[in-house]
Amino acid sequence: MVSDGSTDDIRGEAKGVLMMMETFDFVFMLHVMHRILGITDMLCRNLQEKTLDILNAIDSIATTKVLLLKLRNESFDHLLMCVNSICIEYEIETPDMNAWYNEGTGRSCQEKVSSQQHHYHFDMFNSVIDYQLEELNYRFNDDALEILKLSCALQPNDQFKLFDVDQICILARKFYPADFSDQEMHHLRFQLEHYEVDVLHHKCFQNLSSTCELLQKLIRTNKSHHYNLVERLIRLILTLPVSTASTERAFSAMKRIKTIYEIEWKKNSWQIL
């Protein structure tokens with residue numbers, strides 16, 4: 001486009017973009033973005049599946065955090081070596097990592113605040129990864145993950161294979177104490193035992209794929225009246241995004257993290273360039 005663009009404006013703009021791309025900062029940011037998006041890609045794909053497997057999604061969150069932390073603590077030197085090799089191959093000027101990094105371009109901003117090594121390692125590489133880790137920790141703190149995991153015990157997927165009376169009672173007792181009296185907590189376990197024998201083997205409740213479908217089926221068969229405490233708990237789970245920070249809302253928000261990464265990287269790249 002620099003040489004064959006149809007107008008002077010296109011050729012001039014292409015030349016300017018090419019000059020920006022042929023810089024150490026651009027190559028460095030591109031490599032960091034590639035590593036981070038490579039680590040988070042599996043999590044993003046898992047969260048975008050039509051039939052969300054919450055337990056595996058939770059495992060993906062944990063492994064993503066571990067890999068991002070490993071990238072932060074162990075991979076800077078290797079990444080820098082890769083960036084340098086690309087710059088050498090394409091004759092792109094590389095900064096002296098032992099030299100001082102000058103913040104800003106104006107005379108008043110020409111302060112030697114840190115070395116080039118420190119700037120690229122801590123101000124850019126570590127800070128961007130820390131932002132991703134903070135976002136994951138904010139969206140999926142320990143309480144949110146625990147309530148998600150416990151709520152799986154009520155899911156009807158695969159003929160209620162995750163159904164667990166003890167887990168359901170822990171869910172109600174720990175996260176919804178204001179919604180059940182002590183006496184109701186006691187009766188909930190007995191309802192769940194009947195529910196396990198009745199609903200889990202009833203032909204009307206086979207091949208359900210979501211908790212919402214389960215609730216609808218309970219209402220249509222009038223079993224919501226017989227298992228009123230179980231129905232109440234299911235309703236609470238389905239309104240989880242309102243009362244806490246989240247099942248579907250948090251997962252839906254995580255679907256946008258990949259987009260957030262890209263926006264942040266574009267913003268940072270243009271600021272640097």
Can a donor-acceptor pair be found, under 3.5 Å and without considering hydrogens, that links the side chain of [X] to the backbone of [Y]?
X	Y	answer
N137	L133	yes
E184	S181	yes
H118	S114	no
N157	S209	yes
D164	Q167	yes
Q191	L229	yes
R72	I129	no
D41	L37	no
Q159	F205	no

Got a second to check how far [X]'s [atom1] is from [Y]'s [atom2], nearest 0.5 Å?
X	Y	atom1	atom2	answer
E93	I88	CD	CD1	12.5 Å
N207	E213	CG	CD	10.0 Å
T221	D198	OG1	CG	8.5 Å
L67	I39	CG	CD1	5.5 Å
L30	I86	CG	CD1	9.5 Å
Q155	L162	CD	CG	7.0 Å

Exercise for review: May I ask you to check whether Y120 and F24 place their ring centers less than 6.0 Å from one another?
Suggested key: yes
Review point. So, H186 versus F190, ring centres under 6.0 angstrom or not?
Key: yes
Measuring only between side-chain heavy atoms, which start at C-beta, is [X] closer than 4.5 Å to [Y]?
X	Y	result
I234	L238	yes
L136	L68	yes
Q116	D96	no
V199	F163	no
K223	K217	no
V27	Y90	no
L192	Y227	no
M20	D25	no

Check your understanding: Do NZ/NE/NH1/NH2 and the carboxylate oxygens of D4 and R11 come within less than 4.0 Å?
Key -> no
Practice item. Answer yes when D179 and R232 have at least one side-chain N-carboxylate O distance shorter than 4.0 Å, and no when they do not. Key: no
Would you say that more than 12 heavy atoms from the other residues, nucleotides or ligands in this model lie under 6.0 Å from the [atom1] of [X], or not?
X	atom1	answer
K65	NZ	yes
Q216	CD	yes
D142	CG	no

Review point. Which other residues belong to the hydrophobic cluster containing M1, where Ile, Leu, Val, Met, Phe, Trp and Tyr are joined when side-chain heavy atoms lie under 4.5 Å apart, directly or via other members?
Key: I10
[X], [Y]: one ILVMFWY side-chain cluster at the under-4.5 Å cut-off?
X	Y	value
F140	V66	no
I36	F122	no
V17	F26	yes
M42	I58	no
I170	Y176	yes

Closest non-hydrogen atom pair, [X] against [Y]:
X	Y	answer
L200	Q206	O-NE2, 3.1 Å
C82	R35	SG-NH2, 3.8 Å
F125	L71	CZ-O, 3.4 Å
E22	I92	O-CG2, 3.6 Å
L150	F175	CD1-CE1, 3.8 Å
L188	A172	CD2-CB, 3.7 Å

Review point. Do S60 and N46 have side-chain N/O donor and acceptor atoms under 3.5 Å apart?
Key: yes
Review point. Can E231 and R235 be said to form a salt bridge (charged side-chain N to carboxylate O under 4.0 Å, His left out), step by step?
Key: CA-CA 6 Å; E231 184 229 12; R235 287 182 181 275; 2.8 Å; yes
Practice item. List the steps, then state whether side chain to side chain contact (heavy atoms under 4.5 Å, CB included) holds for V32 with M124. Key: CA-CA 9 Å; V32 176; M124 294 177 65; over 6 Å; no
Exercise for review: Dump the intermediate steps for side chain to side chain contact (heavy atoms under 4.5 Å, CB included) on Y131 and N126, then the final yes or no.
Suggested key: CA-CA 9 Å; Y131 173 82; N126 280 15; over 6 Å; no
Exercise for review: Look at the aromatic rings of Y101 and H119 and report parallel, tilted or perpendicular, splitting at 30° and 60°.
Suggested key: parallel
Exercise for review: Could you give me the CA-CA distance, side-chain angles and deciding distance for R189 and D166, then say whether side chain to side chain contact (heavy atoms under 4.5 Å, CB included) is met?
Suggested key: CA-CA 8 Å; R189 176 174 290 276; D166 291 333; 3.0 Å; yes
Practice item. Test side chain to side chain contact (heavy atoms under 4.5 Å, CB included) on F76 and Q117 and set out the steps. Key: CA-CA 10 Å; F76 175 78; Q117 174 85 12; 3.5 Å; yes
